[in-house]
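Encoded as structure tokens, the structure appears first; notes follow it.
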Amino acid sequence: GRPGRVGEPLARELSRRDATVTQCHSQTPEEARKAALRDADYVFSAVGKPGLIAKGDLKPGAVVINIGTKWDGEALRPDVDGDVAEVASMLTSIGPTSIAVLVRRVVALAERRLLKNKKKRHPGCAIGDGKASLPVGLPKTWTITKGGSVTCRRVATASFAEASALVAAVAEVCDKLNHHPTVAINEARVCEEVAGCEVRIEFTTFSEGGRLTEKDVEAAKAVDALVAERFPPKRPILAPLYDLPASRIASFPASPRGSSKLLSRTADGTLSDAVFADLPDLLPPQALLVLNESRVVKARLRTEAGIEVMLLNPEGDADPQLQLGAKAHDQQWLAMVRTKVCPGETLKIGDKLTLNVVGHVGAWIEEGETDGTECVVRFQCDGDSVALSDLLEQRGEVPIPPYFKREAVESDKEAYQTVYASQEQCGSVAAPTAGLHFTPDLLEKLTKRGFQIVKVSLHVGAGTFKPLEGPDLGLHEMHSECVVASAGSLRELRDACLAGRPIVAVGTTVARSLESLCALAGRVNDDDGPGSRRRPVYDLGHLGQWDAYDDCRRPLNAAMAFDALLSGVTLDGEVRCTTALCAAPGFRFDVVNVLLTNFHHPDSTLMALVAALIGEKQTAELYAHALQKDYRFLSYGDACLLANPQRS
């Protein structure tokens, strides 16, 4: 057989152990199949065709292991006839994994029969591709399937032995909880190539309503604790690389737009000073530029007492674009309040709007700023039909960074927005600042010079302003941000990679978007086979802060990754995910050849990304040059163009 869960990985593993392997399947001509069986010392049958192998097909003494089964209308039938035991030295089956699969199939068949008999859907087997909401407390590492009755987590491992040890440990933990998952070990196949093993863990709820319960959440947390213990996340260290004088922070943008300076660094470390208008002459030939078209919303509110409330992102990683279009009343958002607050307190914004503090996350500390609180707030509006986007437009302020040390002015409405920001992609609470330098004329010039431009969206959260608490990046918790890429953009990216054309990420948000999508490509259709379920919107789920550092799930190349993403969506569809990726020294860039970005604060994850791209020593030298040459820093400052020495 050749199913992805058994036949293919088994054949590869046996070949690696120097066995001579002949692989047959349901379409192999009978004569060829029988000839292979007559020569075989060991027979593994995973076809799912009852009666496929009879005793007359085998040579005496062969070892036969049956895996394949199929429902024939009355019972589950094996591939191998029972009389094979008369000639085989051993006839057996796989064991616990097979039993778990068989039990799941038996339950599924029983549910189908119940549905047929009762002429209605059983509440425990609701089926749908919609993304179910997460139960309270369910970790983000788990996804919900089967209409809300099953929660699933995948864990990448470097080898089958490592995967087997994890399965045994999971079984031990779950025995104590008396809640047993379905566990499968698959080859971690990234774009049809083997890259280690993957353990898939599924808990099916046994609640009467067929929905996940606290017991399921408890089991998921127990498995997460076990995985964290066995596979501790990598914790990059980043020492401060320079000191930023306050006088070098640009509080206003260069005027006119696009007149800023540009520092270029080649792959061999050569630095050259230029202006942003020189960009077409500094880009590598035939480069493809990727822009972040997310639009900034007025996400800063003020209470009647003058206290700042900065919206960060919707609670539960909901899509900001969708939440902004929905009515504001009862929405819950993660927010930064520039004072100490506790759950139960009320923040009055105006006569018709209050924010109730319903959750506490932690302290929010920024150097030179009043300490605040990171918390969850719930909107309470009089006239509950008003959309959140309309409310913010009326009440909100342009969310310029706190280090500007000033209030927003009228000119910020235009200056703190890229010229290509899309009205269809509203959702950022901070600007993708590398794009602020572009003008319509420059974009037109780039197109005429033969440079291709594509767009993706990462809705930027204000967590980008949250400083590092120290050199140990493992102590810094990244906020999740929503990424959207259309099938058209993915096709352009794939074709550029296949043609060897350089990919230029305009901003750290684009770099994180591309690398996140690439890292998640292995999730597309891994249950159903490539291309078998194309969807208008394919939700890849969540990429954790350190998930992309695991080489077992990284693609062999970017072209394969984008091709895999395309296999899951319709021609005019889109791919979505949420990402908390922290690119820091030790991270491997699979997509980005060149990064265009501003000069960043020394205590920021943005600085860590630059250090990951060109090296810590090289980053320190770059910033020393910029300080010496009077470049302006941060959101309204100048830019630098950095070639990736890993992918030059």
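- Thr447 places a side-chain N or O within donor-acceptor distance of the main-chain N or O of Leu443, the cut-off being under 3.5 Å.
- No side-chain N or O of Ser260 forms a donor-acceptor pair with one of Asp638 less than 3.5 Å apart.
- The residue from Leu596, Leu514, Ile453 that alone fulfils the side-chain contact (heavy atoms from CB on, under 4.5 Å) condition with Val290 is Leu514.
- In this structure, Gln545 and Leu581 have side chains that are not in contact, with every pair of non-hydrogen atoms separated by 4.5 Å or more.
- Seen from the ring of Phe252, Arg406 counts as a face-on cation partner, given the 6.0 Å and 45° thresholds.
- Rounded to the nearest 0.5 angstrom, Ser480 OG and Glu315 CD are separated by 12.0 Å.
- Leu520 places none of its side-chain heavy atoms less than 4.5 Å from the side chain of Thr579.
- Two residues are said to be in side-chain contact when any heavy atoms from C-beta on lie closer than 4.5 Å; Ile249 and Lys405 fail this criterion.
- No hydrogens or angles considered: a donor-acceptor pair under 3.5 Å links the side chains of His437 and Asn598.
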| task | Evaluate side chain to side chain donor-acceptor pair (under 3.5 Å) for Ser635 paired with Thr433, printing each intermediate quantity in order. | result | CA-CA 5 Å; Ser635 296; Thr433 54; 4.7 Å; no
| said: Using ring pair (Phe, Tyr, Trp, His ring centres under 6.0 Å), reason through Phe276 and Phe438 one step at a time and then give a plain yes or no. | reply: CA-CA 8 Å; Phe276 201 81; Phe438 286 85; 5.2 Å; yes
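- Annotation: Phe404 is in aromatic contact with Tyr636 [ring centroid separation under 6.0 Å].
- Between Gln323 and Gln331, the side chains place a donor N or O and an acceptor N or O closer than 3.5 Å (distance only, hydrogens not considered).
- For the pair Thr597 and Ala434, the tightest heavy-atom approach, listed with the atom from each and the gap, is CA-CB, 4.0 Å.
- The shortest heavy-atom contact between Leu442 and Ala277 is CD1-O, 4.5 Å.
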Would you be so kind as to tabulate the donor-acceptor pairs closer than 3.5 Å made by side chains of residues 497-504, with sequence neighbours excluded?
from   : atom 1 : to     : atom 2 : distance (Å)
Arg501 : NE     : Gln286 : O      : 2.8
Arg501 : NH1    : Gln452 : OE1    : 2.7
Arg501 : NH2    : Gln286 : O      : 3.3
Arg501 : NH2    : Gln452 : OE1    : 3.1

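- The minimum heavy-atom distance linking Gly544 with Asp547 is given by the pair N-OD2, 2.7 Å.
- Judged by distance alone, with hydrogens and angles left aside, the side-chain atoms of Asn292 form no donor-acceptor pair with the main-chain N or O of Val510 at under 3.5 Å.
- Here Leu392 contributes atom CG and Leu301 contributes atom CG; the two are 6.0 Å apart, rounded to the nearest 0.5 Å.
- At a cut-off of 3.5 Å, with distance as the only test, a side-chain donor of His479 or Glu374 sits close to an acceptor on the other residue.
- Put simply, the side chain of Asp563 does not reach to within 4.5 Å of the side chain of Leu490, judged on heavy atoms.
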| request: May I have the step-by-step check of salt bridge (Lys or Arg N to Asp or Glu O under 4.0 Å) for Arg512 and Glu481, ending in yes or no? | output: CA-CA 10 Å; Arg512 292 177 63 243; Glu481 294 167 311; 2.6 Å; yes
| message | Walk me through whether Glu308 and Arg338 qualify under salt bridge (Lys or Arg N to Asp or Glu O under 4.0 Å). | response | CA-CA 5 Å; Glu308 175 191 356; Arg338 192 70 73 179; 3.3 Å; yes
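- Sorted by first and then second residue, the salt bridge (charged side-chain N to carboxylate O under 4.0 Å, His left out) pairs involving residues 245-274 (not counting sequence neighbours) are Arg248-Asp630.
- Atom CE of Met310 is separated from atom CG of Leu334 by 11.5 Å, given to the nearest 0.5 angstrom.
- When all heavy atoms of Ala415 and Leu436 are compared, the pair lying nearest together is O-CD2, 3.5 Å.
- Taking the side chain as every heavy atom from C-beta outward, Leu241 and Glu616 approach each other to under 4.5 Å.
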| Under the side chain to side chain donor-acceptor pair (under 3.5 Å) criterion, do Ser294 and Ser457 qualify, and how do the steps go? | CA-CA 5 Å; Ser294 180; Ser457 291; 5.5 Å; no
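- Between Cys582 and Met478 the shortest side-chain heavy-atom distance falls below 4.5 Å.
- The aromatic rings of Phe599 and Phe633 lie tilted to each other, with the angle between the two planes from 30° to 60°.
- The ring-ring contact (aromatic ring centres under 6.0 Å, His included) pairs that include a residue from residues 481-515 number zero, where partners must be two or more places apart or lie in different chains.
- Rounding to the nearest 0.5 Å gives a distance of 8.5 Å between CG of Asp495 and CG of Leu566.
- The shortest side-chain heavy-atom distance between Cys482 and Arg576 falls under the 4.5 Å cut-off.
- Contact check for Val575 versus Leu517: side-chain heavy atoms found under the 4.5 Å cut-off.
- Atom OG1 of Thr373 is separated from atom CE of Met336 by 9.5 Å, given to the nearest 0.5 angstrom.
- Judged by distance alone, the side chain of Glu574 and the main-chain N or O of Ala487 form no donor-acceptor pair under 3.5 Å.
- Between Phe451 atom CZ and Lys445 atom NZ the span is 10.0 Å, to the nearest 0.5 Å.
- Judged purely by distance below 3.5 Å, without hydrogens or angles, the side chains of Ser513 and Ser516 never pair a donor atom with an acceptor atom.
- Within the cation-pi definition used here (under 6.0 Å to the ring centroid, within 45° of the axis), Arg535 qualifies as a partner of Tyr538.
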